Asker: 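First the structure, which I've put down as structure tokens, then a few questions once you've had a look.
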Amino acid sequence: MFTGKQFKIPQLMSLAIGIALTMPIQAADFIAPTPWSTVVSSDLSRLMPQDELKPLLAGDTEFLSLYREHMSAQQRGVVLIIPDWQHLPTNNDGINFLRTQLNDLGYATLAMTVPDIDWQAVPADPENSQSEPAENNQADNSESAASEAPLKAPVHVDAIAKISNAIIDNYKQSLIARFNALYQSALNEDGKIVVIAQGTSAAVLLEHYGEYPNTNIDAFISISSYLPNSKRNQQLNAIVSTISPPLLDVYYSVDNPGLLLSVEDRKRWVKRHSKYDYRQRELFGLRSEPQQHERLTKEVDGFLRRLF
């Protein structure tokens, strides 16, 4: 095509750019990232001992759990371990230490992987969407009267919900479905059934047991339970005093600020509802310190021995 004529480098570059601009532009196909829970299950399947892996089914969703049998002469029970959301059942915040050390104290442990968080979750029946047109009409009417009415003082918001109820409820529904499958698997074990939950997972399970479900357990151990929603976190302070199973409420001196502000309020609610099987313990330092792992295990073992 260009025989007999030599092109210099700038001319070739201009020619290539011109040809590229005349070609139709096609957007690249969007490829959704691999879900976090899938990555976790893949890593655990590859790195953990195969005899500890125990797949379970929650509805149509299969998830992975880690099972370890008791190593004492007599089995005292089984402990169901639920880590915080977006945390592994082998995390270094005390969960993995309990998962392995409770076997020597007579408990089989069954730790599950948590579901994904749907950050785009919306409420099934959004009330705010119905009130938006009315609010818009009021805003239009107020604009005309704004020039006539005196200016009002600004309204300061003291507490803002960090994460919507729709996101928390969606995670709660998925977590409870997995927990029910974990509970059914624990019924095959001898002895008592104990639940140890952490963070937001512990908080939504406390809400669940505040509704008195059919999954009866013998003890509930909550580690740094909180909800990343200011209003629901306040409601949680009252819920901890109404659940049926005995409750050990553990928190750290360096913990979630919302949780640290709720500690005294939980004590007041427990006193009001006369929940005598409630215990609250503060652990000093960071959750990842080995010394705190040892003390956490002693607190858990002492609480359970006090009960049975």
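The model shown is predicted, which means the values in this text are computed figures rather than measured ones. The basis for the numbers below is simple: all heavy atoms, side chains too, and nothing from hydrogens, waters or symmetry mates.
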Asker: With a 4.5 Å cut-off on side-chain heavy-atom distances among I, L, V, M, F, W and Y, is there a chain of contacts connecting Leu205 to Leu187?
Answerer: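 In one cluster: yes.
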Asker: Check the surroundings of atom CD in Gln173: do more than 12 heavy atoms from other residues, nucleotides or ligands lie under 6.0 Å from it?
Answerer: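 Open.
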Asker: Quick check: do Gln292 and Leu286 have side-chain heavy atoms less than 4.5 Å from each other?
Answerer: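 Result no, sub-4.5 Å side-chain heavy-atom pair not found.
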Asker: Mind checking the CD-CG spacing from Glu289 to Asp93? Nearest 0.5 Å is all I need.
Answerer: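 One gets 11.5 Å once the value is rounded to the nearest 0.5 Å.
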Asker: Report whether Val204 and Tyr226 are members of the same hydrophobic cluster (ILVMFWY, side-chain heavy atoms less than 4.5 Å apart, transitive linking).
Answerer: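 Val204 and Tyr226: separate clusters.
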Asker: Do Asn103 and Glu69 have side chains that approach each other closer than 4.5 Å (heavy atoms only, starting at C-beta)?
Answerer: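 Not touching, per the 4.5 Å side-chain cut-off.
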Asker: Can you confirm whether Tyr278 sits close enough to Arg266 that some side-chain heavy atom of one is under 4.5 Å from a side-chain heavy atom of the other?
Answerer: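 They are in contact (side-chain heavy atoms under 4.5 Å apart), so the answer is yes.
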Asker: Can you hop from Val240 to Trp269 via hydrophobic side chains spaced under 4.5 Å?
Answerer: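 In one cluster: no.
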Asker: I need the Thr200 OG1 to Asn233 CG distance, nearest 0.5 Å.
Answerer: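 With rounding to 0.5 Å, OG1 (Thr200) is 9.0 Å from CG (Asn233).
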Asker: Any donor and acceptor pair, going by atom type alone, linking the side chain of Tyr183 with main-chain N or O of Asn216 inside 3.5 Å?
Answerer: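 Yes, because the side chain of Tyr183 sits within donor-acceptor range (under 3.5 Å) of the backbone of Asn216.
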Asker: Donor-acceptor pair, distance only, cut-off 3.5 Å: does the side chain of His293 make one with the backbone of Arg287?
Answerer: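 Yes.
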Asker: With the threshold set at 4.0 Å, does a side-chain nitrogen-carboxylate oxygen contact exist between Lys172 and Asp169?
Answerer: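 Salt bridge flag = no for Asp169 with Lys172.
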Asker: Does any N or O in the side chain of Ser274 come within less than 3.5 Å of the main-chain N or O of Val270, such that one atom is a donor and the other an acceptor?
Answerer: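 It does not hold such a pair.
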Asker: Say whether, by atom type as modelled, one donor and one acceptor occur between the side chain of Lys275 and the main chain of Ile243 under 3.5 angstrom.
Answerer: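 The answer is yes, because a donor-acceptor pair under 3.5 Å joins these two groups.
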Asker: Should the heavy atoms of other residues, nucleotides or ligands under 6.0 Å from CE of Met48 be counted, would the total exceed 12?
Answerer: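 Atom CE in Met48 is packed in, count exceeds 12.
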Asker: Between Asp265 and Lys267, does any side-chain N to carboxylate O distance fall below 4.0 Å?
Answerer: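 No.
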Asker: Could you tell me whether a side-chain N or O of Gln75 sits under 3.5 Å from a main-chain N or O of Gly77, the two making a donor and an acceptor?
Answerer: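 At least one qualifying donor-acceptor pair exists.
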Asker: Walk me through it: do Lys162 and Asn229 pass the test side-chain contact (heavy atoms from CB on, under 4.5 Å)?
Answerer: CA-CA 5 Å; Lys162 297 182 180 179; Asn229 183 291; over 6 Å; no
Asker: side-chain contact (heavy atoms from CB on, under 4.5 Å), that's the test. Do Ser225 and Leu206 meet it? Break it down for me.
Answerer: CA-CA 9 Å; Ser225 60; Leu206 286 171; 3.9 Å; yes
Asker: Could you walk me through whether Asp104 and Ser72 pass the side-chain contact (heavy atoms from CB on, under 4.5 Å) test, one step at a time?
Answerer: CA-CA 6 Å; Asp104 297 332; Ser72 61; over 6 Å; no
Asker: Quick one: does Ser201's side chain have a donor or acceptor within less than 3.5 Å of a partner on Ala197's backbone?
Answerer: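 Checking the backbone N and O of Ala197 against the side chain of Ser201, no donor-acceptor pair under 3.5 Å is found.
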Asker: Nearest 0.5 Å, what's the OG1-CH2 distance between Thr113 and Trp36?
Answerer: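 Reported to 0.5 Å precision, the distance equals 7.5 Å.
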Asker: Tyr171 vs Trp85 aromatic rings, parallel, tilted or perpendicular, using cut-offs 30° and 60°?
Answerer: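 Ring orientation, 0 to 90° scale: perpendicular.
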Asker: Applying a strict under-4.5 Å side-chain criterion to I, L, V, M, F, W and Y, I'd like to know whether Leu227 and Tyr251 cluster together.
Answerer: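 Each belongs to a different hydrophobic cluster.
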Asker: Given side chains that start at C-beta, do those of Tyr67 and Glu189 come closer than 4.5 Å, heavy atoms only?
Answerer: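 Counting from C-beta outward, Tyr67 and Glu189 do come under 4.5 Å.
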Asker: Specify the closest pair of heavy atoms between Ser45 and Leu53, including all atoms of both residues, with the distance to one decimal.
Answerer: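 The pair with the smallest heavy-atom distance is CA-CD1, 3.7 Å.
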Asker: What residues, two or more places apart in sequence or in another chain, satisfy salt bridge (charged side-chain N to carboxylate O under 4.0 Å, His left out) together with Arg46?
Answerer: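 Arg46 satisfies salt bridge (charged side-chain N to carboxylate O under 4.0 Å, His left out) with Asp43 only.
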Asker: Verify, without hydrogens or angle tests, whether Gln86 (side chain) and Asp116 (backbone) share a donor-acceptor contact under 3.5 angstrom.
Answerer: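 Not at all, since once roles are kept as given, no pair shorter than 3.5 Å links the two residues.
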Asker: Looking only at heavy atoms, which two atoms of Met112 and Pro83 are closest? And how far apart?
Answerer: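 Looks like O-CD, 3.3 Å.
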Asker: If we ignore angles and hydrogens, is there a donor and acceptor under 3.5 Å between the side chains of Asp255 and Ser224?
Answerer: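 Result is yes, a qualifying pair exists.
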Asker: Measure the spacing between OG of Ser164 and CD of Gln120 and express it to the nearest 0.5 Å.
Answerer: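 One gets 10.5 Å once the value is rounded to the nearest 0.5 Å.
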Asker: How long is the straight-line distance from CG of Asn180 back to CG of Leu182, given to the nearest 0.5 Å?
Answerer: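 Atom-to-atom, Leu182:CG and Asn180:CG are 9.5 Å apart.
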Asker: Does Tyr212 have any side-chain contact (heavy atoms from CB on, under 4.5 Å) partners at least two apart in sequence or in another chain, and if so, which?
Answerer: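 Once residues adjacent in sequence are excluded, the partners of Tyr212 under the side-chain contact (heavy atoms from CB on, under 4.5 Å) criterion are Thr242, Ser244.
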Asker: Decide whether Leu80 and Leu44 are clustered together by the hydrophobic rule: side chain heavy atoms of Ile, Leu, Val, Met, Phe, Trp, Tyr closer than 4.5 Å, transitively.
Answerer: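 Yes: a chain of side-chain contacts under 4.5 Å links Leu80 to Leu44.
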Asker: Can you tell me if Thr38 uses its side chain to pair, donor with acceptor, with the backbone of Thr34 under 3.5 Å?
Answerer: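 Looks like no, no N/O pair under 3.5 Å.
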Asker: Return yes if a side-chain donor-acceptor contact under 3.5 Å exists between Thr215 and Tyr209, otherwise no.
Answerer: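 Indeed, the side chains of Thr215 and Tyr209 share at least one donor-acceptor pair under 3.5 Å.
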Asker: Is a donor on one side and an acceptor on the other found under 3.5 Å between the side chain of Ser253 and the backbone of Gly285?
Answerer: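 Side chain of Ser253 to backbone of Gly285: a pair is present.
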Asker: Which residues satisfy the salt bridge (charged side-chain N to carboxylate O under 4.0 Å, His left out) test with Arg76, sequence neighbours excluded?
Answerer: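 Residues passing salt bridge (charged side-chain N to carboxylate O under 4.0 Å, His left out) with Arg76: Asp301.
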Asker: Which hydrophobic side chains are connected to Leu102, either touching it within the sub-4.5 Å cutoff or through other members that do?
Answerer: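 In the cluster with Leu102 are Val79, Ile81, Ile95, Leu98, Leu105, Tyr107, Val194, Ile196, Ile221, Ile223, Leu248, Val250, Tyr252, Leu283, Leu296, Val300, Phe303, Leu304, Leu307, Phe308.
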Asker: Answer yes if the side chains of Asn92 and Ser288 hold a donor-acceptor pair under 3.5 Å, and no otherwise.
Answerer: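 Side chains of Asn92 and Ser288: no pair found under 3.5 Å.
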Asker: State, with a plain yes or no, whether a side-chain heavy atom of Pro115 is found less than 4.5 Å away from one of Arg178.
Answerer: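 Yes, side chains in contact.
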Asker: Could you give the side-chain donor-acceptor pairs of residues 54-66 under 3.5 Å, partners two or more places apart or in another chain?
Answerer:
from: Lys54; atom 1: NZ; to: Ser185; atom 2: OG; distance (Å): 2.6
from: Ser65; atom 1: OG; to: Lys54; atom 2: O; distance (Å): 2.6

Asker: Under 4.0 Å between a Lys/Arg side-chain N and an Asp/Glu carboxylate O for Glu299 and Arg279?
Answerer: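 No.
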Asker: I'd like to know if the side chain of Asn256 and the backbone of Leu259 have a donor-acceptor N/O pair within less than 3.5 Å.
Answerer: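 The answer is yes, because a donor-acceptor pair under 3.5 Å joins these two groups.
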Asker: Which residues pass the salt bridge (charged side-chain N to carboxylate O under 4.0 Å, His left out) test with Arg306, not counting sequence neighbours?
Answerer: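 Residues passing salt bridge (charged side-chain N to carboxylate O under 4.0 Å, His left out) with Arg306: none at all.
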Asker: Using a 6.0 Å cut-off, check whether atom CD of Gln74 has over 12 heavy atoms from anything other than its own residue.
Answerer: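 No, not enclosed.
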Asker: side-chain contact (heavy atoms from CB on, under 4.5 Å) between Ile167 and Asp118: does it pass, once the steps are laid out?
Answerer: CA-CA 6 Å; Ile167 296 176; Asp118 186 4; over 6 Å; no
